Number of protein chains: 2
Amino acid sequence: MGKTNQLESILESLEQADALAGLQEATEALQNHFNVDHIAYHWVDSAGDQYGCGTYSKDWQDRYIAQNYQRIDPVVIGCYQRFHPVDWKQFDWSSKAARAFQLEAIEYGIGNQGYSVPVRGPNGQFALFTVNHTCDDDAWANFSENHRRELILIAYYLNEKALEFEPERRPEAAQALSPREVDAITLLAIGYNRAQVANTLSISEHTLRVYIESARFKLGALNTTHAVARALSRGLIVV
Amino acid sequence: MGKTNQLESILESLEQADALAGLQEATEALQNHFNVDHIAYHWVDSAGDQYGCGTYSKDWQDRYIAQNYQRIDPVVIGCYQRFHPVDWKQFDWSSKAARAFQLEAIEYGIGNQGYSVPVRGPNGQFALFTVNHTCDDDAWANFSENHRRELILIAYYLNEKALEFEPERRPEAAQALSPREVDAITLLAIGYNRAQVANTLSISEHTLRVYIESARFKLGALNTTHAVARALSRGLIVV
DNA sequence: TCCGGTCTCGCCATTTTTGGGGAGTAGAAA
DNA sequence: TTTCTACTCCCCAAAAATGGCGAGACCGGA
């Protein structure tokens, strides 16, 4: 079977997958198809109950989660700020924590080269699709350039399926905020205190409090800062 | 030139576009390639300074923005909650406002069938890529099924370029926070108060304050809520 | 070796936010 | 029509955050 057809059949089996097991199989098929060290799909979630599938060793996955490495992993941090796929070389590995992390990853069999595609879903959902390998810079640049489109599509399909199979993990459909609530939360997010917000919106501070409290309630937030954080990460407000 | 090659060349010219004008040209080429009524890319922004390109009439674009239609447009609202491309028939057109909007859209030459791909970028960025046409349901279902992958890729590339050409909309590169500062801000973002954060990090509340203050300084934030908002929108923390 | 950045600790006064009550209007949806 | 949501206004007391003062230890780079 030609390379193109092989990829085609992987994509199709992915499109038709009807359970999480199908995603795991797909990553293994992709590892074989691209002939690389590792393929991984990683749903990033602060709560620590993140989902992932791929060819990393179980040991490494466990360690990553136990250590909450997504907080210092330059790949996660770097991808979070970008839209397009990124070569790992472009991340900031200068901090001590990042370098220690990298060394440990290599010990666990992660390749020295990597290419990651960020994917975003509704309500602030965020995931990474990564392919990584051990080779020199030129070979890797060549690989990533040649397979850019395919990798983007694969990332897209993996995330689509992951969202489909994990309804309970899906961030709750954030109840939309009313226009006034959006105004209030937005102004708080840009640093205004309540007096300034009330003044800007030309309402009394008491009225403002009603908005903040109802927004907090709708967002399930414990305090104003939490409400702002949730509204931001769910894309309900833009700063 | 074959259909496949034509699309290929459109994608390539899109990849190599170096200005917003290139996006407009691409939408026109796509309209011709797919032989449909309209192609549109629409960067949705609550602030109202949204960007769009495509083949809709200027009248309709102006009216859409002037009326703030993105607030009632079922396509925008529906896509905002979904990850995958959607046929317009799947949206909720039941409300009075939605039906009035639809009738007006058709008056302005928008086709009765549509297919939209949501795209998301960093910092809550959200855009739509839409292709629409006038035909019957079967023909449209056929079209959207056959071109699903291509449309996803086109949406991706359009958004990538739009982000590239609108740097002022993107968050500025921020000074990195120290690990402890990241811990502190992250915990504040998930709703902990200072006592809880200090306890979780096993440090005194005073030390915690030092971190919060230095993070606030680095981020140029006016208060804790502001600091959390900035750290989030710059991707320095993940919640 | 010295400098800069990070990490750690304490106290007091002031400002800001939050939690507990209650109430009336207008417009849109069922 | 009735019901529901959004929007607006008010008081008081407790809890939390902020501003300003200062101090020592550690580590890595110049």
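No experiment lies behind these values; they were computed from the predicted model shown. Naming convention: chains lettered A, B, ... in sequence-line order (proteins, then strands); numbering from 1 in each chain.
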*Rounded off to whole Å, could you give me the CD-to-C1' distance for the Glu181(A) and dA6(D) pair?*
8 Å
_If I take atom CD1 in residue Ile203(A) and atom C1' in nucleotide dC7(D), what distance separates them, rounded to the nearest angstrom?_
9 Å
*Please check the phosphate of dT5(D) (OP1 and OP2 only) for any side-chain N or O of Ser178(A) closer than 4.0 Å.*
no
*Nearest nucleotide by nearest heavy atom, which residue falls closer to the 5' end of DNA chain D, Val210(B) or Glu213(B)?*
Glu213(B)
*What integer distance in Å separates Leu222(A):CG from dA16(D):C1'?*
14 Å
_Intermediate values then yes/no, side-chain hydrogen bond (donor to acceptor under 3.5 Å, both in side chains), Asn132(B) and Gln113(B)_ = CA-CA 6 Å; Asn132(B) 93 73; Gln113(B) 303 283 356; over 6 Å; no
*Figure out the CZ/P separation between Arg180(B) and dA25(D), and round it to whole Å.*
20 Å
_Between C1' on dA6(D) and CD1 on Ile212(A), what's the gap in Å once rounded to a whole number?_
16 Å
*For the ring pair Tyr115(B) and Phe143(B), is the centre-to-centre distance below 6.0 Å?*
no
*Length of the line joining Leu201(B):CG and dT6(C):C1', which is rounded to integer Å*: 15 Å
*Touch check for Thr224(A), heavy atoms < 4.0 angstrom, all strands: base, sugar-phosphate only, or nothing?*
sugar-phosphate
*In terms of the angle between their ring planes, are Trp140(B) and His133(B) parallel, tilted or perpendicular, with boundaries placed at 30° and 60°?*
parallel
*Under 4.0 Å between a side-chain N or O of Lys218(B) and OP1 or OP2 of dG5(C)?*
no
*If you find the nucleotide of DNA chain C closest to Glu205(B) and the one closest to Glu205(A), which residue's nucleotide is nearer the 5' end?*
Glu205(B)
*Residues Glu213(A), Arg209(A); criterion salt bridge (Lys or Arg N to Asp or Glu O under 4.0 Å); working and verdict*: CA-CA 6 Å; Glu213(A) 270 163 35; Arg209(A) 280 187 53 192; 3.4 Å; yes
*asked:* On the side chain of His206(B), is there an atom forming a donor-acceptor pair with the base of dC9(C) - under 3.5 Å, no angle test?
replied: yes
_Rounded distance in Å - CZ (Arg209(B)) to P (dG10(C))_ = 12 Å
_Taking any heavy-atom pair under 4.0 Å as a contact, classify Thr207(B): base, sugar-phosphate, or nothing._
base
*Under 6.0 Å between the ring centres of Tyr64(B) and His42(B)?*
yes
*Can you check the Tyr192(B) OH to dA17(D) P distance for me, whole Å?*
14 Å
*Between Arg99(A) and Ser202(A), name the one whose nearest nucleotide on DNA chain D is closer to the 5' end.*
Ser202(A)
